[in-house]
Amino acid sequence: MNEPLFGYLVPETVGLFTDRYELTMLRGYRDAEHTPEAAFSLYFRSLPRDRGYVIAAGLEQAIAYIRGLSFGERVLSHLREEGFPEPFLDYLTEFEFTGDIRAVPEGTAVFPNEPMLEVTAPIDQAQLFETLLINQIGFQSLIATKAARMRDVVRRYGDDQTLVDFGGRRAHGTDAGLKAARAAYVGGADGTSNEAAGEAFDLPVSGTMAHSWIQSYPSERESFEAFVNVYGEDSVLLVDTYDTVVGARTALEVARDTGVDIEGIRLDSGDLVALSKEVRQFLPDEMAVFVSSGVDEYFLREFFEAGGVADGFGPGTALTTSADAPTLNPVYKLVAVGDDGEMEPSMKLSKGKVSYPGTKRIQRFESNDGFDRDVLALADEDVGGRDVLVDILRDGDLVYKFPSLEDIRQRTLETLDRLPKSVRAIEAPAEYPVDISDELETVTEKRRLELRREMGI
């Protein structure tokens with residue numbers, strides 16, 4: 001009898017996390033002896049629902065993948081069984097990235113058509129990374145943006161209360177749960193409830209208690225007493241198993257009777273605004289009130305506007321799935337190709353998917369009040385703003401010093417402070433100005449006309 005299979009990536013198999021057509025292209029380029037220098041750009045065409053910006057995240061994992069990519073015997077054995085020829089497998093055993101990568105640092109706001117990352121390398125190398133780059137940067141940027149919106153709401157409407165990711169159990173798989181916890185921290189969360197994410201990324205980990213603990217004891221009071229006996233002042237008692245207000249009063253009685261200054265209580269159901277106000281009236285100020293269940297940026301705004309009182313929140317499903325806007329739809333497109341260091345701009349003309357050709361730079365214009373506008377320009381033109389893209393790899397070597405997650409989180413908070421308030425609105429946000437440089441417009445139109453002539457259209 002076969003043992004059940006969990007199914008997860010390990011370092012030996014991460015090279016297979018790519019779509020078949022990437023390997024088909026890679027082999028085809030090699031067999032056709034067609035390996036010109038190429039530049040690919042990763043970007044999104046439009047903002048998700050009610051988003052005025054996106055917070056870039058996932059770069060560190062993307063670069064770790066590229067830097068550590070290798071094809072060992074386990075992978076080669078699989079590909080051999082799939083019919084790939086030995087010369088191609090021999091090439092994979094010696095695969096090494098030798099190109100350049102520029103990217104937007106994590107914690108930075110980006111907008112439609114702006115490159116979050118650009119890869120310049122022989123086309124066979126650059127093509128291979130499409131699936132993984134879209135997966136890691138697209139997903140983490142989506143979740144970091146969701147977390148940033150929540151952090152922004154508690155800063156604007158509340159008192160900068162604690163936000164702890166509670167969503168691992170509802171994430172779409174274990175890797176999604178891990179990366180969502182990291183991305184949530186990038187976006188402004190204070191920590192996670194997931195131990196694996198805490199271990200992997202050195203995140204603060206916290207948690208409370210389960211309803212099953214209370215249900216397993218003869219009475220709620222006995223369950224609280226037992227928990228406090230074990231965890232002392234670190235205790236956060238879940239008070240809604242039977243009746244929230246009664247549970248909160250019982251928690252207070254247990255704290256007083258045992259002489260233990262417990263950390264607080266958690267509310268997890270019912271009219272959370274009304275209940276938070278009621279329990280706050282009789283709980284001492286030093287006993288915190290934490291709120292979970294259905295927490296997202298819309299809930300938080302309504303909670304504060306209705307006078308809800310809490311010291312912290314535990315967003316879960318809505319955070320780790322970005323439930324209201326579940327995909328960023330990033331793309332990874334060829335923007336230039338050529339030989340001998342002379343790359344020509346390349347673009348698509350597909351309806352609804354027209355791309356801007358050429359390698360690019362984002363230049364951001366700022367004033368004392370914050371960000372004013374961006375200009376998307378060709379990489380070799382300077383329109384006078386601050387460059388947003390930075391060098392990450394040069395000739396395959398790492399030239400960028402990755403900051404700590406705490407520093408990235410701080411960059412996100414500073415980014416929120418600099419973005420116009422109207423762009424940060426959680427519903428019907430204003431459009432942040434992104435201008436296209438005259439030179440990029442000229443190159444785009446020239447290439448478009450050339451392609452139309454070549455196609456006879």
Side-chain angles (χ1 to χ4, degrees), residues 146-147 149-150 153-154 157-159 161-171 177 180-181 184 189-194 205-228 231 234-255 262-285 287-324 426:
K146 185 71 171 177
R149 286 160 60 85
M150 295 187 199
V153 167
V154 298
Y157 293 89
D159 192 28
Q161 283 88 342
T162 298
L163 292 173
V164 177
D165 155 48
F166 275 16
R169 66 185 63 187
R170 301 285 172 78
D190 296 283
T192 181
S193 65
N194 190 276
V205 181
S206 60
T208 60
M209 67 190 308
H211 290 103
S212 58
W213 177 280
I214 295 104
Q215 292 174 260
S216 69
Y217 280 84
S219 70
E220 186 175 56
R221 182 183 178 92
E222 289 175 83
S223 73
F224 288 173
E225 289 173 338
F227 196 84
V228 171
Y231 292 103
D234 293 331
S235 299
V236 177
L237 302 178
L238 183 58
V239 299
D240 74 319
T241 304
Y242 305 117
D243 182 279
T244 298
V245 176
V246 172
R249 291 189 184 280
T250 302
L252 178 58
E253 291 172 4
V254 168
I262 67 171
E263 183 176 347
I265 65 168
R266 177 161 69 96
L267 314 181
D268 192 51
S269 61
D271 185 339
L272 294 168
V273 171
L275 290 169
S276 72
K277 290 193 284 187
E278 185 169 358
V279 301
R280 187 74 279 171
Q281 288 179 349
F282 60 79
L283 292 177
D285 291 343
M287 190 176 292
V289 175
F290 297 96
V291 171
S292 55
S293 185
V295 176
D296 64 7
E297 62 269 47
Y298 307 104
F299 167 89
L300 290 166
R301 181 186 61 184
E302 293 167 7
F303 182 89
F304 290 123
E305 288 182 337
V309 184
D311 300 279
F313 299 91
T317 305
L319 172 60
T320 55
T321 66
S322 188
D324 65 315
I426 61 174

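Screening residues 299-316 for side chain to side chain donor-acceptor pair (under 3.5 Å), with sequence neighbours left out, gives R280-D311, R301-E427.
Taking NE2 of H211 as the start and OG of S269 as the end, the distance is 6.0 Å to the nearest 0.5 Å. We find the CE-OG distance between M209 and S235 to be 8.0 Å, quoted to the nearest 0.5 Å. Between the OG1 atom of T244 and the CZ atom of R249 there is a distance of 12.5 Å, given to the nearest 0.5 Å.
In this view, D324 and R51, K146 satisfy the salt bridge (Lys or Arg N to Asp or Glu O under 4.0 Å) rule, not counting sequence neighbours. Considering only residues two or more places apart in sequence or on other chains, F304 meets the ring-ring contact (aromatic ring centres under 6.0 Å, His included) condition with F313. Partners of P284 under the side-chain contact (heavy atoms from CB on, under 4.5 Å) rule, at least two apart in sequence or in another chain, are L252, E286, M287. Not a single ring-ring contact (aromatic ring centres under 6.0 Å, His included) links F282 to another residue, sequence neighbours left out. Applying the salt bridge (Lys or Arg N to Asp or Glu O under 4.0 Å) test to E263 and every residue at least two apart in sequence or in another chain returns nothing. With sequence neighbours left out, S219 forms a side-chain contact (heavy atoms from CB on, under 4.5 Å) with R221, E222. Contacts of S292 classified as side-chain hydrogen bond (donor to acceptor under 3.5 Å, both in side chains), with partners at least two apart in sequence or in another chain: R266, D268. Scanning for ring-ring contact (aromatic ring centres under 6.0 Å, His included) contacts around F224 gives an empty result, with sequence neighbours left out. Listed by chain and residue number, W213 satisfy the ring-ring contact (aromatic ring centres under 6.0 Å, His included) test with Y217 (two or more places apart in sequence, or in another chain). The side-chain contact (heavy atoms from CB on, under 4.5 Å) test applied to D234 returns no partner, not counting sequence neighbours.
Side chain of R149 to main chain of I426: a donor-acceptor pair is present (N/O by atom type, distance under 3.5 Å, no hydrogens or angles).
Using a 4.5 Å heavy-atom cutoff, the side chains of I262 and V228 are in contact. Taking 4.5 Å as the limit, every side-chain heavy atom of L300 sits out of range of all side-chain heavy atoms of Q161. L267 has its side chain out of reach of D240: every pair of non-hydrogen atoms, C-beta onward, lies at least 4.5 Å apart. Here the side chains of F227 and L237 are in contact, with some heavy-atom distance below 4.5 Å.
For the residue pair V291 and A310, the shortest heavy atom distance occurs at CG2-CB, 3.8 Å. The two residues V236 and I265 make their nearest non-hydrogen contact at CG1-C, 3.9 Å. A pairwise comparison of heavy atoms in M150 and P315 identifies SD-CB, 3.6 Å as the closest pair. Scanning all heavy atoms of the two residues, the minimum distance from V279 to A248 falls at CG1-CB, 3.6 Å. Closest approach of S276 to G308, counting heavy atoms only: OG-CA, 3.6 Å. The heavy-atom pair separating V273 from F303 by the smallest distance is CG2-CD1, 3.6 Å.
By the 6.0 Å contact criterion, OH on Y298 is enclosed, its count of non-hydrogen atoms from other residues, nucleotides or ligands being greater than 12.
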Between side-chain atoms of residues 162-169 and protein atoms elsewhere (two or more places apart, or another chain), which donor-acceptor pairs fall under 3.5 Å?
unit_1: D165; atom_1: OD1; unit_2: G167; atom_2: N; d: 2.8
unit_1: D165; atom_1: OD2; unit_2: T192; atom_2: OG1; d: 2.7

side-chain contact (heavy atoms from CB on, under 4.5 Å) for V309 and V289? Distances and angles first, verdict last. CA-CA 8 Å; V309 184; V289 175; over 6 Å; no
